[in-house]
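Reviewing the structure listed below.
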Amino acid sequence: MQGRGVRVHGGQAPSDALDFSAPRNPLGIPTFIQELLSSVLSADLFTRYPDPNYRRFREVIAEFYGIEPGYVVPLNGSAEAIQLLLPIVKPRALLVFEPTFGDHRIAAHALGVAYVPIPLRVKGTFFTVDTELYSEIVKSIGEGFVALLSNPNNPTGALAGLSIVEELLEHTPRGSYLIVDEAFIELSPSGRSVLELCDDRLIVLRSFTKSLAVPGLRIGFLYSCNRSVVELVDSLRQPWNLNSLAELVIKEVLGKLVDEYRKYLEKARRIIAEELEFLIPALRALGLLAFDSQAPFILLKHAIPHPEFGRRLALRKIYVRNASSFLYLDQHYSRISILGRDLDKMLLEVLAWCVEEDLR
Ligand SMILES: Cc1ncc(COP(=O)(O)O)c(C=O)c1O
């Protein structure tokens, strides 16, 4: 294989197209981060290793979220967690609520862990977590599994409330774990984090990729009240898994820049809430099935399948995420990201044209 790689991440928007495919903060990277990055590049930051214990990093995270620093493990993006957890827990199976972010499936396959998808249930325009189905699957598997729920979920946008997570935990026997991946929670208008729950079986994954719009920096963390899981993940991770720049950004953002960061997040959530309220009924009025969302993106079902759907949008220089690579979805599904009112209106106009095209 000549450097081709095995991973597929939803394709690449053509350089002249408006990219509605990548889910992120619609405000883009904040100026306070841009200024910070340009001011530190010349500093003596890269000639030393970062602190292998990431003490200050853990402290600022703990202060910001009101959690215990000792239960925080730095991650090179939240995607790193599953690769650390599977060899530690050695589960008999990885149970994942699907359709969702596909890297967990790739990691399970590479590590020889049985992968058990648990279908999310579609009720009209909602995707919901079927706790009874979970309980049945859990009984058939027995102890020693890891289950994973992304919340809010990518690509469905669905958010499971705290009570659902508590119910899943009740069905999770000791010696098994429930991972809640909260990569998008900071951008969820009504999302409530499960960081406040302290349970031996619960592992929470957090990321700054989406909230700060910095996928290339690779910053996340794991949180669990399970001391032994935390210690094992901490000892298995590479000693400097967060590079100096990523470490510094979080120390500054959650330290000196914390007020700016809070305002930036509040503004992003307000825009996302307004755009969801604007877009979802407008998309439905076009005859598209727009699923309810509490995330900075919307899952669409359309009569015209890909690649024709994408080809029509490309004629008008619009690029969306063909969602057919997600489990249980097919060429009739796309994910669109929220970019802000002007661009979202433009997307609606182009989608209206696409649908009319279908009638001709
Ligand atoms: C649900 C979900 N979790 C995790 C990730 C990866 O995030 P990170 O950049 O923090 O590794 C993604 C990326 O799209 C995602 O959609």
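Values below: every heavy atom of this structure, side chains too, minus hydrogens, waters and symmetry copies.
With Asp330 contributing its side chain and His332 its backbone, the two residues share a donor-acceptor pair below 3.5 Å. For the pair Asn76 (side chain) and Glu80 (backbone), a donor-acceptor distance under 3.5 Å is absent. Between the side chain of Asn25 and the backbone N or O of Leu212, no donor-acceptor pair lies under 3.5 Å. Remark: side-chain polar atoms of Arg201 are not paired, donor with acceptor, to backbone N or O of Pro173 under 3.5 angstrom. With Ser334 contributing its side chain and Leu300 its backbone, the two residues share no donor-acceptor pair below 3.5 Å. Panel note: side chain Tyr54, backbone Leu242; a donor-acceptor pair is recorded below 3.5 Å. At distances below 3.5 Å, at least one donor-acceptor pair connects side-chain atoms of Arg312 with backbone N or O atoms of Cys354. Using modelled atom types, no side-chain atom of Ser176 and backbone atom of Val146 make a donor-acceptor pair closer than 3.5 Å. Between the side chain of Arg321 and the backbone N or O of Ala22, no donor-acceptor pair lies under 3.5 Å. Distance alone, capped at 3.5 Å, places no donor-acceptor pair between the Lys317 side chain and the Ala314 backbone.
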### Message
Could you go through Leu84 and Leu75, starting from their C-alpha distance and side-chain angles, then the distance that decides it, and tell me whether this counts as side-chain contact (heavy atoms from CB on, under 4.5 Å)?
### Response
CA-CA 10 Å; Leu84 295 171; Leu75 290 178; 3.9 Å; yes

### Query
Between Met346 and Phe20, is a side-chain contact (heavy atoms from CB on, under 4.5 Å) present by the stated rule, with each step listed?
CA-CA 11 Å; Met346 205 183 288; Phe20 284 88; 5.6 Å; no

#### Entry: CA sep, side-chain torsions, deciding dist, call: Leu315, Arg311, side-chain contact (heavy atoms from CB on, under 4.5 Å)
CA-CA 6 Å; Leu315 289 174; Arg311 191 192 66 79; 3.9 Å; yes

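Listed here is the closest heavy atom pair of Ala268 and Leu27: N-CD1, 3.7 Å. Taking all atoms of both residues into account, the shortest heavy-atom contact from Val116 to Ile141 is CG2-CD1, 4.0 Å. Taking every heavy atom of both residues into account, Gly28 and Tyr264 meet most closely at O-OH, 2.7 Å. Across all their heavy atoms, Ala290 and Leu283 have their closest contact at CB-CB, 3.9 Å. Here the closest heavy-atom approach between residue Ala213 and residue Ile29 is recorded as CB-N, 3.7 Å. For the pair Ser78 and Asp181, the tightest heavy-atom approach, listed with the atom from each and the gap, is OG-OD1, 4.3 Å.
Atom CZ of Phe126 sits in a sparse spot, with 12 or fewer heavy atoms from other residues, nucleotides or ligands closer than 6.0 Å. For Lys301, the NZ atom is loosely surrounded, since the number of other residues' heavy atoms within 6.0 Å does not exceed 12. No more than 12 heavy-atom neighbours from other residues, nucleotides or ligands sit within 6.0 angstrom of CZ on Arg192. The neighbour count for Glu196 CD, taken as heavy atoms of other residues, nucleotides or ligands under 6.0 Å away, is above 12. Residue Arg121 qualifies as open at atom CZ: its count of foreign heavy atoms under 6.0 Å is 12 or below. The number of heavy-atom neighbours closer than 6.0 Å to CG of Asp16, taken from other residues, nucleotides and ligands shown, is above 12.
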Residues 215-225, side-chain donor-acceptor partners within the protein, below 3.5 Å, at least two apart:
unit_1	atom_1	unit_2	atom_2	d
Arg218	NH1	Pro215	O	3.1
Ser224	OG	Leu202	O	2.9
Ser224	OG	Asn226	N	3.0

Identify all side-chain donor-acceptor contacts of residues 162-172 below 3.5 Å with residues at least two apart in sequence or on another chain.
unit_1	atom_1	unit_2	atom_2	d
Glu167	OE2	Thr131	OG1	2.7
Thr172	OG1	Tyr134	OH	2.8
Thr172	OG1	Leu168	O	2.7

Please tabulate, for the side chains in residues 229-239, all donor-acceptor contacts under 3.5 angstrom to protein atoms that are two or more places apart in sequence or on a different chain.
unit_1	atom_1	unit_2	atom_2	d
Asp234	OD1	Arg58	NH2	3.1
Asp234	OD1	Arg237	NE	2.7
Asp234	OD1	Arg237	NH2	3.2
Asp234	OD2	Arg58	NH2	3.1
Ser235	OG	Glu231	O	2.8
Ser235	OG	Leu232	O	3.2
Arg237	NH1	Pro52	O	3.4
Arg237	NH1	Pro239	O	3.1
Arg237	NH1	Asn241	OD1	3.2
Arg237	NH2	Pro52	O	2.6

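Distance check: Phe297 CZ to Phe291 CZ gives 13.5 Å after rounding to the nearest 0.5 Å. Taken to the nearest 0.5 Å, the OH atom of Tyr319 stands 14.0 Å off from the CG atom of Leu347. One distance of note links CZ of Phe101 with CG of Asn153; it measures 11.5 Å at 0.5 Å rounding. For the atom pair OH (Tyr115) and NE2 (His109), the distance works out to 12.5 Å, reported to the nearest 0.5 Å. Here the straight-line distance linking atom CD of Glu308 with atom NE2 of His302 works out to 11.5 Å at 0.5 Å rounding. Between Leu149 atom CG and Ile118 atom CD1 the span is 9.5 Å, to the nearest 0.5 Å.
The hydrophobic cluster containing Val138 does not contain Leu148, counting ILVMFWY residues as joined when their side-chain heavy atoms lie under 4.5 angstrom apart, directly or transitively. Two different hydrophobic clusters hold Leu327 and Val129 under the rule that ILVMFWY side chains link at heavy-atom gaps under 4.5 Å. One hydrophobic cluster, built from ILVMFWY side chains closer than 4.5 Å, holds both Phe57 and Val258. Two different hydrophobic clusters hold Phe208 and Ile203 under the rule that ILVMFWY side chains link at heavy-atom gaps under 4.5 Å. Ile271 and Phe184 fall into different hydrophobic clusters, where Ile, Leu, Val, Met, Phe, Trp and Tyr side chains are chained together by heavy-atom contacts under 4.5 Å.
Residues Glu252 and Val40 form no side-chain contact, since every pair of their non-hydrogen atoms from C-beta on lies 4.5 Å or further apart. Proximity of Phe326 to Asn154: side-chain heavy atoms (C-beta onward) are separated by under 4.5 Å at one or more points. Counting heavy atoms from C-beta on, the side chains of Leu120 and Asp130 never come closer than 4.5 Å. Contact of the Gln294 side chain with the Pro189 side chain is registered, since non-hydrogen atoms from C-beta on lie closer than 4.5 Å. The closest side-chain heavy-atom distance from Glu274 to Arg341 is below 4.5 Å. Side-chain contact between Val113 and Pro91 is present, with heavy atoms from C-beta onward closer than 4.5 Å. Put simply, the side chain of Pro23 reaches to within 4.5 Å of the side chain of Arg335, judged on heavy atoms. Considering only heavy atoms from C-beta on, Ser193 comes within 4.5 Å of Arg206 through its side chain.
Just one of Ile336, Ile318, Leu18 meets the side-chain contact (heavy atoms from CB on, under 4.5 Å) condition when paired with Leu313; it is Ile318. Of the residues listed (Leu205, Ile179, Val96), the one engaging Ile82 in a side-chain contact (heavy atoms from CB on, under 4.5 Å) is Ile179, and it is the only one.
Note on ring orientation: taking the six-membered ring where Trp is involved, the planes of Tyr49 and Trp240 are parallel (angle under 30°, cut-offs 30° and 60°).
Of the charged side-chain nitrogens involved, at least one lies within less than 4.0 Å of a carboxylate oxygen, so that Arg56 and Glu59 count as a salt-bridged pair.
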